[in-house]
Each structure stands twice: as C-alpha cells, then as structure tokens.
Amino acid sequence: MWNHLSYISLALPLFIAFPVWYWSKKRSKNTLSYPPGPKAYPLIGNLLDFPLSVPFWEGLASLSKQYETDVLRLKLPGMEMVVLNTSETISELLDQRSAIYSDKVREFRSHISDARFSERAMTFMPYGPRWRMHRKLFNDFISASTAKDHDVNQAKVVSDLLINLHREPETFREHINLLTGSLALSIAYGIRADTPHNEFILMYEKMLKTAQEGLVPGTFLVDMFPFLRHLPSWFPGVQFHAFANKVKTDLHIAITRPVEHVAEKLKSGVDIDPSMASTCLENLDDLGQKGIDIEVIRNTLGIVYAGRLCFTNSTLSSFFLAMARSTEIMRTAQCQLDSVLGGARLPDHSDIDDLPYIVAIVKETLRWAPPAPIGTTHRLMEDDVYRGMFIPGGATVIENIWAVCYDETAYPEPHKYNPARFLDENGRIDSSVKDPEARVFGSGRRICPGRHLALRMLYLTIARILATFDIFPADKDGRPSVPEARYNKSLLREPMPFECVVNPRSEQAVKLIYDAVAIHQ
Ligand code: HEM
C-alpha cells in the first residue's frame, strides 16, 4: 500500500539526483574542451585560417589533417563552426542526433538571408512546423515510393535530350539544362518546355543564376564580418543588400507566375497535364485544413525546379567530362549495354539490375564530383558533447561531403575516375565499398528528399546516352584534346566550360532515338 512516506522516499532521491546530474553536466561541459582547430584570435577568430585560395572544402579537409581531427573547430566573428570530415562523424551527429542537428544556418550566406530565402526555400528553412509542412507536401509527390510515378515524364524529356544531342551536339550543356528544367516544370506545373527560351525556364534561370553567383565563399565581406549587415547600403563592402533585393524580386516572380498560369488554365476549363500544382489547387480546401496555404504550395513547387538545377545538372555535366576523359570506361559501359539490349531498343528503368556498370558510373560520378561538396550547413540547436568534446548550441555544422568522397582509405586514388571500384570480381555492385549515395545527398532529417527522383533520372539519362552516343575529347589540330577536370569554387559545384565531341554510335542508334520520340508525341 502506497502512503506519503513511500512517495517521499521515491521522490527524494530524484530531488537530489536531478540537480546533481544537471550541475555535473553543466560543469563538465564547462570543463570540456572544444574540438581541435587552429588558435582563434580576438575579434577576427580564425579568419586568417579560412581557406580561400583553394576550394573551401579541400581547405577544410587539409586543416583537419593538419590538426589530426575528424571534427574541426573554427571561429569566425560571431560564429562557432564545426566541420565534420568523415562519414562516421557525420552519421553519429547529423543522422543519429538529428533531433538537435536539423536546424539550418540562415545567416551563413548573407545575400540568402537578406533575400528571405529561409522563408521560401525549404533548404534554408528553420527546423520546425513550417518546414515540416513543406517537406510533407514535397513527399506526397516526390519520395521513394512516388519517384516511379515520374518515369513517363523522365522518358519523354530524355528522348528530347537525345534528339537535341543529335541535332546540336556542341551545346550539350544547354540540352542538359533543358532536360532537368523541363522535367521539373512538368512534374511541378504540368508545363512542357521544349526550348531553353520557354518563359518559365528563363524566369527560374535568371533567379538561380544570380543567387548562385553569391554562393562562392568570400564573395561578400559581410559573410566574414556579420556586423556589416547593419550598416547602410551605400557603405563600402555592403553591396550585398542590392544583390539580395534583386534575388528576392526574381524569386517572387519565379515561384508565383507558374502557379498563376496553372490556376488560370484550371479556371478556364482547358485540358492540362496533371501536376503537383493542379492537384494542390484542386484540393486547396483540404490542404488548408492541414495548414498548407498557397504560400507553402508555391514554395514547395519552386524548390522542385531549384533542386534539380543545382545538383542533377552538375552531375550530368561531370558525366560528359568523365567520358571525354576516358574512352575505355565509355566502351566498357557500352559493351554491357549492348550485351543486355542487343542494340535493338533503348534501356529502361527496368534494365538497371542488369546494368551494374551504369549503376557504378552514377556512383562514381557523384563521388568524383559531389555537386554539393559541403551540403547546406546545419545548425546545432542546443549544447552537445561528442566523444568528450563540447560543441556549443548555435554552432554552424558543416558536413564535408567532399572529404568523405575523397577519403583514400575508402576510395584508393580518389582523384582517379574509376567506376570499377564499386564492382566485385563478378562485375556486380560490391556492397562492401562505401556507397557515396549515402552521403552526397546530405544527412539526417534534412537529407535531400529529391534523391530518389534524381537517381532514377541519372540512371536513365546516362544509360540512354551511352546506348546511343559516343563521347570523345574534342579535336585540336588533328589531336584529341582531353579536357581538364576544372570546377568552379561555388557551393553548387559544377565543371567549368569544356569541349567534347558527341557522335551517334550508329544509324541504328539514330533510328532508336527518333522512334522513341514518336512514342511520346
Ligand atoms: C544529384 C542530385 C542531387 C544532389 C547531389 C542533392 C543534394 C542535396 C543536399 C546535399 C542537400 C542538403 C541536405 C542536408 O541539409 O543535409 C539537399 C537538399 C534538398 N534537395 Fe537535393 N540533391 C539532388 C537533387 C535534388 C532534386 C532533383 C530535388 C528536387 C526534385 C532536390 C530537392 C532538395 C530539397 C527540397 C532539399 C531541402 C531538404 C530540407 O532542407 O529538408 N534535390 N540536396
């Protein structure tokens, strides 16, 4: 029988234990040391250690090596920064402790925070109910289980790509841009764009081009000295205000106009292709009851365009670059394609299990050229202790995806493009090799929700290009001029312009290309 004394005897230890536990935790945090890193100076912190001459992620990886740590600490004026350099640390913190590592750093790139991207673009949104609403709406249309729903759209845009490559092979990068742009527009708005001059493509491109320019670390002084944001816009070094205003206006137009376009079509009763926009607009009342308003809809559809541009484009461009640098790898892939398809048809999603070399090419391209080398920075929501190191709440947490992809213990000779590293002696995918797909799409609760769609798109596009085209280095004075693997330094990393020759493999290949287009007419 429970009486007062029993309750007191149970509660007393808790009364004593809780403060003791709390204070010991607090004290131990105070006495714990921060992760290793270069000495920070008053006012400027580690500003002088900041790697600007080499790509940012490579500089961070070298600093980590220098300080013999996979968790590196850097201090900037007003900012604590922690860099995670191995798959293990990223997994232990961003995946396993995702409840406190899922917020985003809104101030990291000042033009982005000034343009109020964090209210519109899911990627930069604070962790919380509003972000969850966007993510849920996105997942209703694009997720592991729904990615297949877009296969027909994908096959159509890939057919257009093959025709464009046949007609104007030199401008292959414009065709890639159109491929991913028109896929995004068709999924989000049911809009078919068969030219790069499509008004909606132009609108989005304009906005993203400007936003991307500001993503090169060091572009704006204010990123290093956050106090500059409070100075008037005429003050030297504060030009980012004007830049941000431009991005903000372009962003508003890009996400609003296509939704208005679909709404007008629905209202006038014209037949339109079903899309995320049409489904949402037709179910506005139901969505409204779940708190999903027109702003959430516009933002979520807009991120479909932005996500594909930033990353899938880069990977496909890197694929062309890699093929132009290695005819042998291209021929090995084509041999496998020919043995499965006999040159009689184009490869499909359903062939993927029989095409491990294509799967390996997708993995190696993502590893060799990770399009988002430091992902998008996370923000730690409360103090944390990891392997005896203290990480303060509010810290900016960087997942150095590039360092993981270039870890020579996992990937010997990491600078070499070598899809065979993912295959076993029977030519099947070797599950003992670390899969870069597990890291290049980010981590934890903020992991890329477009990854399933992106991977299906990459498999199909790469398989169909290799089945129908040869990609060779450009010819300079009668000699092959192998393109250098040169990349921009932007946080959305892509190859610098390069030339290559794109030729149809045979008459039969050309026939397959045009037959496929006829199917989608
Ligand atoms: C090769 C292709 C792609 C790569 C490498 C990639 C990579 C990434 C990375 C690294 C992040 C940040 C994750 C983190 O914070 O830890 C991300 C976020 C995101 N990606 Fe992708 N992505 C790709 C394609 C796409 C596509 C095709 C879409 C849209 C259809 C998309 C939509 C998004 C969205 C909406 C987020 C924000 C998620 C959130 O904050 O909750 N991505 N992606």
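Index from 1, following the sequence. Remember, it's 1-based here, ligands and their atoms both numbered in the order they're listed.
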Asks: Check ligand 1 against Arg135 and write out every atom of the ligand that is under 4.0 Å from a heavy-atom position of the residue.
Replies: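 Counting from 1, the qualifying ligand atoms are 38 (C), 39 (C), 41 (O).
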Asks: Which of parallel (below 30°), tilted (30 to 60°) and perpendicular (above 60°) describes Tyr127 and Trp131?
Replies: tilted
Asks: Which option out of Phe141, Phe138, Tyr305 puts a heavy atom nearest to atom 29 (C) of ligand 1?
Replies: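 Answer by nearest heavy atom: Phe138.
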Asks: Does the residue His378 have a heavy-atom contact with ligand 1, meaning some pair of atoms that are separated by less than 4.0 Å?
Replies: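 The answer is yes: ligand 1 sits under 4.0 Å from a heavy atom of His378.
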Asks: Less than 6.0 Å separating the ring centroids of Phe172 and Phe320?
Replies: yes
Asks: When you look for heavy atoms under 4.0 Å from ligand 1, do you find them on the side chain of Thr376, its backbone, both, or neither?
Replies: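 Both backbone and side chain.
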Asks: Taking only heavy atoms of Pro371, which atoms of ligand 1 are found under 4.0 Å from at least one of them?
Replies: 5 (C)
Asks: Would you mind running through ligand 1 and noting each atom that sits below 4.0 Å from a heavy atom of Lys104?
Replies: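 The list of qualifying atoms is 14 (C), 15 (O).
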Asks: State, to 0.1 Å, how close Pro36 and Tyr67 come at their nearest heavy-atom pair, and which atoms those are.
Replies: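 Heavy atoms of Pro36 and Tyr67 come nearest at CB-O, 4.3 Å.
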Asks: Can Arg493 be said to sit on top of Tyr487's aromatic six-ring, NZ or CZ under 6.0 Å from centre and within 45° of the ring axis?
Replies: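 Yes, Arg493 and Tyr487 form such a contact.
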Asks: Considering the heavy atoms of Glu399, write down every atom of ligand 1 situated less than 4.0 Å from one of them.
Replies: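 Answer for ligand 1: 14 (C), 16 (O).
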Asks: Does ligand 1 have any atom that is closer than 4.0 Å to a heavy atom of Met457?
Replies: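 Checking ligand 1 against Met457, which is what was asked, there is no heavy-atom contact under 4.0 Å.
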Asks: Check the angle between the aromatic planes of Phe56 and Phe50 and answer parallel, tilted or perpendicular using the 30° and 60° thresholds.
Replies: tilted
Asks: For the residue pair Thr315 and Ser318, confirm or rule out a side-chain donor-acceptor distance under 3.5 Å.
Replies: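 Checked: Thr315/Ser318 side chains show no N/O donor-acceptor pair below 3.5 Å.
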Asks: If we only consider heavy atoms of Trp131, is any one of them less than 4.0 Å away from an atom in ligand 1?
Replies: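 Distance cut 4.0 Å: Trp131 passes for ligand 1.
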